[in-house]
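Read the structure below first, then the notes.
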Amino acid sequence: TGACLSMLLIDPALNGMIEAFSSPDYESFCDRITSEIMSQSLNDELLLWSMRRLMINNINLERGLTYLRRWFLDHVDDEDRLNKFLPFLSILSRYCHFNEYAFSYGSEEEKMIISLRATAQTPVCVALLGAYEPLAHHPRAKFFCSMVSCEDDDFKELIRTQINEPLEEEKIAQSIPSVSDIDDRVSQEVRSQYEENPYPRWKSVGATSVPEPVRELARGKKILIAGCGTGREAVEASMMYPYAHITAIDLSRRSLSYAVRKAKELERDNISFVHGDILQLDKLGMKFDMVISSGVLHHMEDPVAGWKKLIEVLMPNGMIKVALYSTIARDFVRNARDYIQKEKIPATARGIRDFRSRIMAAGDADFFRSRIAGINDFYSLSSCRDLFFHVQEHTFTLPQIENIIEGLGLRMTKFNVRQQETVVSFRKMFPDEADSQKLSCWHKYEQENPYTFASMYNIWMCRKDEFDRVDPAWIQQAIRT
């Protein structure tokens with residue numbers, strides 16, 4: 001994403017549009033934009049490719065896209081003029097749908113949207129409406145689907161992603177088996193959040209190439225993804241270990257339906273998706289050779305209680321991976337949450353858009369804005385909610401985690417650090433190879449480099465008394481990812 005963003009900013013075909021995007025307000029943008037700039041920029045292949053595939057994590061570019069969306073709304077009656085931009089409008093609509101309509105808009109636009117909602121009859125108007133709100137449950141959604149005879153491939157893709165896929169997911173949600181009720185109060189609150197905003201939305205998977213001998217070692221193994229969300233990690237595990245069986249469990253049926261659809265799309269047939277609570281994993285009636293729970297335990301009322309449940313379903317000589325939030329790295333998140341609470345900003349779509357608008361309106365020199373603006377999760381509604389508005393969150397220091405691991409009778413097998421530059425920097429402070437697997441050393445390093453684990457800590461472990469018997473050969477590839 002970063003490399004593509006850099007290319008966009010220096011693309012000669014976009015120079016005029018990028019300059020217009022820097023306008024301080026919509027009126028200034030309109031003064032700068034010309035038909036020539038529109039024609040040249042909105043047919044630029046790099047821009048179209050980027051918006052089809054990526055989240056553009058740049059405040060100025062986002063602001064510019066909101067200007068463009070408003071410009072199209074202001075000119076909605078001039079369909080002859082807009083029709084030549086149908087491919088871009090369709091891509092913009094899909095982009096806004098993917099970020100769950102994180103872009104802000106004012107009361108004047110809202111009145112025009114109401115009018116457009118009632119009158120949209122052509123592909124260009126449908127695409128523009130879809131840039132402001134979901135289309136799946138529009139009273140004329142079936143009529144919109146009939147427009148796929150339109151020759152524009154991007155409009156056809158818009159109908160598929162905005163109408164066909166959401167309706168398919170609603171059917172899938174009813175068919176997912178449930179192994180337990182969601183009785184715990186905090187679990188119910190977390191489920192409610194992810195029913196409203198499934199997270200994360202994703203389009204593609206990461207690196208999943210594994211040598212065939214390693215795949216063979218995993219034949220017949222059982223892997224549990226505990227808290228699978230929308231299924232990306234489960235699909236990646238399925239691709240890495242096609243001869244293993246993956247069980248993926250989550251609280252949210254809506255998240256699971258997204259996961260099932262994506263798994264089907266990618267032709268993964270070795271995953272079973274199940275609805276249920278980690279606190280009742282025993283009701284699966286299974287034990288697993290590998291248990292993975294990434295970004296989940298810290299959203300439970302008692303993370304250690306959830307951790308114990310993972311151990312209970314672990315096979316002898318099995319391994320567990322957990323990923324947890326860092327207290328040190330998330331100081332800016334705590335500051336944001338304090339600000340949200342002080343300003344009484346609700347965790348609604350309108351409230352999250354309001355919060356984002358306030359951050360974007362701050363000056364470039366504002367530290368808080370500069371820290372947040374570079375985070376991908378700021379640029380979609382569900383991820384922004386997950387980051388700053390979560391109903392339940394704990395954070396940890398590495399000494400705390402070390403004490404928990406010891407107290408649970410576990411032993412760390414690998415402290416996984418993905419960024420090679422971080423490893424190189426750590427070695428300058430701790431040259432001894434053995435220190436790279438000492439949490440006490442990483443804690444000292446993190447105190448000097450507080451944003452090292454802005455994502456999460458990733459830790460592999462096994463039962464302490466099984467350390468010498470664990471066969472990590474088939475797990476090594478997963479540890480490296």
side-chain contact (heavy atoms from CB on, under 4.5 Å) for Met147 and Ile159? Distances and angles first, verdict last.
CA-CA 9 Å; Met147 296 179 184; Ile159 294 300; 5.7 Å; no
Carefully, step by step, assess Val304 and Lys308 under the rule side-chain contact (heavy atoms from CB on, under 4.5 Å).
CA-CA 6 Å; Val304 175; Lys308 289 177 180 177; 4.0 Å; yes
Minimum heavy-atom separation for [X] and [Y], please, with both atom names.
X      : Y      : value
Phe273 : Ala263 : CE1-CB, 3.8 Å
Ala102 : Arg356 : O-NH1, 3.0 Å
Pro87  : Asp152 : CG-OD1, 3.1 Å
Gly351 : Ile345 : O-CG2, 3.2 Å
Ser93  : Gly130 : OG-C, 2.9 Å
Ser238 : Arg268 : OG-NE, 3.0 Å

Please round to the nearest 0.5 Å and tell me the distance separating atom [atom1] of [X] and atom [atom2] of [Y].
X      : Y      : atom1 : atom2 : result
Gln280 : Lys309 : CD    : NZ    : 8.0 Å
His299 : Leu324 : NE2   : CG    : 10.0 Å
Ile56  : Cys4   : CD1   : SG    : 7.0 Å
Arg253 : Ser178 : CZ    : OG    : 5.0 Å
Leu158 : Leu89  : CG    : CG    : 9.5 Å
Leu68  : Ser41  : CG    : OG    : 8.5 Å

Is the number of heavy atoms from other residues, nucleotides or ligands under 6.0 Å of [X] [atom1] greater than 12?
X      : atom1 : value
Asp282 : CG    : yes
Lys203 : NZ    : yes
Glu267 : CD    : no
Glu79  : CD    : yes
Gln341 : CD    : no

Should the pair [X]-[Y] be classified as a salt bridge under the 4.0 Å nitrogen-to-oxygen rule?
X      : Y      : value
Glu233 : Lys321 : yes
Arg350 : Asp354 : no
Arg330 : Glu393 : yes
Arg219 : Glu216 : yes
Glu236 : Arg232 : yes
Asp277 : Arg191 : no
Glu168 : Arg261 : no

Say whether, by atom type as modelled, one donor and one acceptor occur between the side chain of [X] and the main chain of [Y] under 3.5 angstrom.
X      : Y      : value
His298 : Pro303 : no
Lys287 : Glu312 : yes
Asp11  : Met7   : no
Asp184 : Val186 : yes
Gln188 : Ile182 : yes
Arg63  : Met360 : yes
Ser293 : Val296 : no
Glu100 : Ser380 : no
His394 : Glu301 : yes
Asn458 : Ala323 : no

Within-4.5 Å side-chain heavy-atom neighbours: [X] and [Y]:
X      : Y      : value
Pro134 : Tyr101 : yes
Ile352 : Phe388 : no
Phe29  : Arg70  : no
Ser35  : Arg81  : yes
Met112 : Asp74  : yes
Leu217 : Tyr241 : no
Cys125 : Thr119 : no
Leu256 : Ser252 : no

Write out all pairs satisfying ring-ring contact (aromatic ring centres under 6.0 Å, His included) with one or both partners inside residues 76-100, taking only residues at least two apart or from two chains.
Phe72-Phe85
Taking the six-membered ring for Trp and the single ring otherwise, decide whether the centroids of Tyr132 and Tyr105 are under 6.0 Å apart.
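Yes: the rings meet the under 6.0 Å criterion.
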Between Lys111 and Ile114, is the side-chain contact (heavy atoms from CB on, under 4.5 Å) condition met? List the steps.
CA-CA 5 Å; Lys111 292 175 184 176; Ile114 292 171; 5.5 Å; no
Cation-pi, Tyr258 ring and Arg201 (6.0 angstrom, 45 degrees)
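Checked: cation-pi criterion not met.
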Yes or no on side-chain contact (heavy atoms from CB on, under 4.5 Å) for Trp71 and Met38, after CA distance, side-chain angles and deciding distance?
CA-CA 11 Å; Trp71 186 93; Met38 294 279 284; 3.3 Å; yes
Identified side chain to side chain contact (heavy atoms under 4.5 Å, CB included) counterpart of Tyr194 within the set Leu251, Asp386, Thr230, Val391:
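Passing option: Asp386.
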Any donor-acceptor N or O pair under 3.5 Å, side chains Tyr339, Arg358:
yes
